[in-house]
Protein chains: 2
Amino acid sequence: MERKANSTNSINEVYWTENCGIAFTLSVIGGRWKISILSFLLNDKKLRYSELKKRLVGISERMMISKLKELELDGLVNRIVHQQVPPKVEYELTELGHSLKDILVLMDKWGENNMMKIEE
Amino acid sequence: MERKANSTNSINEVYWTENCGIAFTLSVIGGRWKISILSFLLNDKKLRYSELKKRLVGISERMMISKLKELELDGLVNRIVHQQVPPKVEYELTELGHSLKDILVLMDKWGENNMMKIEE
DNA sequence: TATGATACTGACAAAAAAGTAAGTATGGAA
DNA sequence: TTCCATACTTACTTTTTTGTCAGTATCATA
């Protein structure tokens, strides 16, 4: 979570995300959980925190919150808070989030088609 | 490099790459360097190890080799060895590698379009 | 006989990402 | 008055990825 601003690692990442659209896109959707979150929101339109968590098999509270927060900060998802107890918070894609649809669909197809060819 | 086969981390990754095309695709092109390597090979057709390295600003020998090896193992690049001294080794995309073109192009466009909207 | 060019290797260290476990706040229902 | 459900927090540990640095092999050429 804490990034060392001038580690070589960080310098390299910044260089590439600033100079390459693909690297930038990857920085936004990369990692273990973000694409799964985006996919579920793409299908289900709007989901409560707890509903999303149920779908994300294996995820921990910490990852849930931290990835949702990153996605929100990046403007890909909206966080809708209902003032009630117990709390109810829903998540949905923003327009920007929706604009990733083509990429996600293509990636899904490619994966489905080639999973069997590549044995990792 | 060494993965603990039954860490939760690894279990989660396996679960998602096996059950989700997108996650699988991400496992193949994710990380700091792979997409850059693929992009350069997509543009330049065929490149020597040293030529590729020059383009990959900031990369170390270790990362070069290890990422090239992974890409080769996954069947995305061909490694062409010329029997001569000093050594000459060229890398090019396979057909499978080329089939990622649409995804990479879309990702590039999306990144270029949205880089300014998202300030990280 | 030493040097140079190229494509690597390997042991180790730092950084980043992911996971664990135990909390907190709220107000209505039992 | 204690308990419950939900959406988080927080401090800490483990795992994974990335980077550093100093090698190695080959043979033609100087």
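By convention in this document, chain letters (A, B, ...) are assigned in the order of the sequence lines, proteins followed by strands, and residues within each chain are numbered from 1. Predicted model, so just to flag it, every value in this text is computed and none were measured.
- One interatomic measurement links the two molecules: CH2 of Trp16(B) to P of dA18(C), which rounds to 14 Å at whole-angstrom precision.
- Of the side-chain N and O atoms in Thr8(A), one or more sit less than 4.0 angstrom from OP1 or OP2 of dT20(D).
- Distances shown here put every side-chain N or O of Lys53(B) at or beyond 4.0 Å from the OP1 or OP2 atom of dC8(C).
- Between Ser10(B) and dT15(D) there is no side-chain N or O to OP1 or OP2 distance below 4.0 Å.
- Side-chain contact check for Ser99(A) and Trp110(B): at least one donor-acceptor pair (N or O, by modelled atom type) lies under 3.5 Å.
- Rounded to whole angstrom, the span from the CE atom of Met63(B) across to the C1' atom of dT9(C) amounts to 13 Å.
- In this structure, NZ on Lys34(B) lies 8.0 Å from CG on Leu76(B), to the nearest 0.5 angstrom.
- Atom CD1 in Ile80(B) sits about 12 Å away from atom P in dC8(C), given to the nearest Å.
- Residue Lys67(B) places no side-chain N or O under 4.0 Å from the OP1 or OP2 atom of dT17(D).
- A straight line from NZ of Lys34(A) to P of dA18(C) spans 9 Å, rounded to a whole angstrom.
- A salt bridge links Arg3(B) and Glu13(B); the closest N-O separation between the charged side-chain nitrogens and carboxylate oxygens is under 4.0 Å.
- Contact between the side-chain N/O atoms of Lys88(B) and the OP1/OP2 oxygens of dT6(C) is not found at any separation under 4.0 Å.
- What separates NZ of Lys69(B) from P of dA7(C) is a distance of 15 Å, to the nearest Å.
- Phosphate contact (OP1/OP2 of dG19(D), side-chain N/O of Trp33(B), threshold under 4.0 Å): present.
- Taking for each of Glu61(B) and Val85(B) the nucleotide of DNA chain C with the nearest heavy atom, the 5'-most of the two is the partner of Val85(B).
- Taking CD1 of Ile103(A) as the reference point, atom CD1 of Ile22(B) lies at 10.5 Å (rounded to 0.5 Å).
- Contact annotation: Asn12(B) reaches the phosphate of dG19(C) (side-chain N/O to OP1 or OP2, under 4.0 Å).
- Arg48(A) has no side-chain polar atom (N or O) that falls below the 4.0 Å cut-off from OP1 or OP2 of dT6(D).
- For the pair Ser7(A) and dA16(C), the criterion of a side-chain N or O lying under 4.0 Å from OP1 or OP2 is met.
- The side chain of Tyr49(A) contributes no N or O atom lying less than 4.0 Å from OP1 or OP2 of dA5(D).
- As judged by a 4.0 angstrom heavy-atom cut-off over every strand, Ser50(A) is placed among residues touching the sugar-phosphate backbone only.
- Here the P atom of nucleotide dA15(C) and the CD1 atom of Ile11(A) are 11 Å apart, to the nearest Å.
- Counted by atom type alone, Glu61(B) and Tyr49(B) present one or more donor-acceptor pairs between their side chains at under 3.5 Å.
- Not one side-chain nitrogen or oxygen of Arg62(B) sits closer than 4.0 Å to the OP1 or OP2 atom of dT20(D).
- The nearest pair of heavy atoms linking Leu26(B) to Gly31(A) is CD2-O, 3.6 Å.
- Rounded to an integer number of Å, the gap from Ile65(A) CD1 to dA11(D) P is 16 Å.
- At the phosphate of dC8(C), OP1 or OP2 sits under 4.0 Å from a side-chain N or O atom of Arg79(B).
- Between Pro86(B) and Leu68(A), it is Leu68(A) whose nearest contact on DNA chain D lies nearer the 5' terminus.
- Between the CE atom of Met64(B) and the C1' atom of dT20(D) there is a distance of 17 Å, given to the nearest Å.
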